[in-house]
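Quick one: structure below, then a few questions.
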Amino acid sequence: MENSGTVLVVDDSDFQCELIGAQLADLGWRNVLFADSGRAALELFDRHRKSIRLVISDLSMPDMDGLILMRHLAQRNLDAAIVLISGVTEEILNSAAGLASAHGLDLLGVLAKPSTTHQLRELLDKIPATPSRRPPGGGAALTPQRLRAALADGHFLPWYQPKVDSRTGKPVGVEALARWPLAIDGPIGPAEFVPAIEEAGLSDELFFSIVRTVVSDMTRWRAQGIDIKAAINLSMDSALNLSMPEQLSQIVLLGGLQPGDFVIEVTESRLMVERSVAMESLTRLSLMGFTLSIDDFGTGYSSLVQLIDLPFRELKIDSSFVQRASLELKAKTILRIAASLGVNLSMGVVAEGVETAEQLDIVRDSGCNTVQGYYFARPMPFSVCTEWLSQRSLTHQ
Ligand SMILES: [Mg+2]
C-alpha cells in the first residue's frame, strides 16, 4: 500500500535512520525526511509542515534530546502523529510518553531499539485517516450564539457508559456523558465544546439540560424494570452556583425519582478561589441524598485533601492509572493503594478506562468493586444503551 504524506525521522545514528527508512519503505511510505539532530528536525519541520503526517524521534540525542524536541513541536502545534524510539529503559520511555500526552501531542506509542517492521506497522496503523484536529476555520466557530441555539434545540444529549460490578459483570449504573452528535458540520467532541461552553458562561445551562434528559431516560428505564443509578458530571462552574442543589433536586423529584438514584461526579481540575462556595453546595447535595463521587482521582487537584474536606462516597480512579497498571509496576502499586484507600474510607471504588481482560483482572484484584471502560461498553446513545442494559440484566441475573 502506498502512503502519501511525509515522515520525518529524527535520529543521530545513521544506522538507525537507515533501518527505519527501510522499514518505512516496506510499509509503503515513500516520502521520508531524515534529520540527525533536533535542530535539523525543526528546520525540516518548518519547511515541510503541511505534508508531514508522522514524526519518529529518538529520545537520546546530543544537542537537543527528544524531550526538548517534543516541546518545540508542541509549541508549533504539531498536527502529525508522533512515535518515540529509544534504547533507554522502559520506565524512561513511559515518562516520555506521559510528557508527550501532557503536551497534547498525538503519541502513537514508544518503541524500544531495535524495533521491528512489525512493531512499527502496528503503531502506524493507528494514524488517523484525516488529521485529528480540525483545521483552523474548518468547522463553524463555536460562538456563544451557536451554543445557546444548540442548547435551546436540545442538541446536547447524554450518552451512557455502563458501570458494571467487577465480579459479576452485572450493570450497576451508567455515567451520562454530554455529546453533540448532530452538529451541522459533523459530531463535535466534548473536548471541543465543553471549554467553549465554559467560556460562554453556559455551564449551568448544559448541566441542567443534560440532567433533565437523564431524569426522563431513567424514568423510562425504571418502567422497563432496569433499576440502576445514573452518574452525572458536575463542573466546578456549576458547583459554584449556590442554587444548583435545589434546582437539581427539584428536577429529580418532579421526575418521580430520588436523589439517592443519582451519583454526582466532581472533578477539580484547577485551583479554585471560591472553594468554600463549592464546598457548601457539594455538602448540601450530599445532605439531600445525592451520592458524591470524586472523579479522575489521582490527577490534577482531585486528590487526598478533597477526601477529608468533602463527604465523598465514591472514588473513581483515573483511567491513566488503570491503563498504565498493566505495563508499569509503579502504576499498579498506586492503583492498589488508591483502591484500598477508598475501601478503608467505606467508599465505592470505580476503575475507569478498563479496556482489556488483563486490566480487568488487575483492578478487580486491587479491590475495585465497579469498573467502567471499553472492555464492557463505550458510551452509547439512549436506545442502544437500553438494549445493552436489558440484555445484560437478563443474562446476569
Ligand atoms: Mg466522570
Side-chain angles (χ1 to χ4, degrees), residues 101 156-166 171-180 189-195 197-198 203-204 206-215 217-218 228-240 244 248 252 259 261-270 272 278 281-282 285-286 290-303 306-307 310-323 335 338-339 342 347-355 359 363 368-382 385 389:
S101 65
F156 294 99
L157 293 175
W159 281 25
Y160 298 98
Q161 186 173 37
K163 289 160 120 173
V164 307
D165 184 299
S166 66
V172 292
V174 289
E175 177 178 1
L177 297 150
R179 291 290 185 266
W180 189 359
E192 209 170 335
F193 70 75
V194 169
I197 288 268
E198 284 174 359
S203 297
D204 275 357
L206 177 64
F207 175 69
F208 287 118
S209 149
I210 293 292
V211 165
R212 275 187 283 270
T213 314
V214 172
V215 166
D217 291 347
M218 281 274 279
I228 51 168
K229 288 190 176 203
I232 300 174
N233 291 284
L234 181 75
S235 77
M236 268 301 133
D237 285 343
S238 299
L240 291 174
M244 175 273 297
L248 178 62
V252 165
D261 299 327
F262 295 87
V263 176
I264 304 297
E265 297 188 3
V266 186
T267 322
E268 196 170 326
S269 55
R270 55 193 158 91
M272 258 201 317
S281 62
L282 293 176
L285 285 178
S286 167
F290 291 99
T291 300
L292 285 190
S293 170
I294 182 162
D295 206 356
D296 305 327
F297 184 74
T299 67
Y301 298 96
S302 194
S303 66
Q306 316 288 0
L307 292 180
L310 286 161
F312 287 111
R313 301 275 310 283
E314 180 185 275
L315 184 151
K316 286 190 92 173
I317 299 174
D318 189 68
S319 58
S320 59
F321 295 108
V322 175
Q323 274 151 27
L335 175 80
M347 301 166 78
V349 179
V350 184
E352 288 185 306
V354 174
E355 292 180 0
Q359 289 167 355
V363 301
C368 302
N369 38 29
T370 307
V371 293
Q372 187 178 339
Y374 290 0
Y375 182 66
F376 289 99
R378 291 167 181 266
M380 299 172 273
F382 172 73
C385 190
L389 288 170

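Indexing begins at 1, ligand by ligand and atom by atom, following the structure's order.
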Look at Ser293 and state whether any of its N, O or S atoms is less than 2.8 Å from the Mg ion (ligand 1).
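It does not; every qualifying atom lies at 2.8 Å or beyond.
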Does a side chain donor of either Glu314 or Ser293 reach within less than 3.5 Å of an acceptor in the other side chain?
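Yes, because at least one side-chain N or O of Glu314 sits under 3.5 Å from a partner of the opposite role on Ser293.
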Taking Ser281 for the side chain and Ala239 for the main chain, is one N or O donor matched with an acceptor at less than 3.5 Å?
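Indeed, once roles are kept as given, a pair shorter than 3.5 Å links the two residues.
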To check your reading of the site, what angle at the Mg ion (ligand 1) do OE2 of Glu175 and OD1 of Asn233 form, to 10°?
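Approximately 90° at the metal, rounded to tens of degrees.
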Side chain of Asn369, backbone of Val349: donor and acceptor closer than 3.5 Å?
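Indeed, once roles are kept as given, a pair shorter than 3.5 Å links the two residues.
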When you measure from the Mg ion (ligand 1) to the N, O or S atoms of Glu352, does any of those distances fall below 2.8 Å?
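Glu352 does not place any N, O or S atom closer than 2.8 Å to the Mg ion (ligand 1).
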Tell me whether Gln323 contacts the main-chain N or O of Gly353 through its side chain, where contact means a donor paired with an acceptor under 3.5 Å.
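Confirmed, Gln323 side chain pairs with Gly353 backbone.
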If the Mg ion (ligand 1) is the vertex, what is the angle to OD2 of Asp295 and OE1 of Glu265, rounded to 10 degrees?
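Taking the Mg ion (ligand 1) as the apex, I get 90° for this pair.
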Taking the side chain from Thr291 and the backbone from Arg313, do they hold a donor-acceptor pair closer than 3.5 Å?
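No; judged by distance alone, with no hydrogens or angles, the pair does not exist.
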Would you check if the Mg ion (ligand 1) lies under 2.8 Å from any N, O or S atom of Asp296?
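Checking the Mg ion (ligand 1) against Asp296, no N, O or S atom falls under 2.8 Å.
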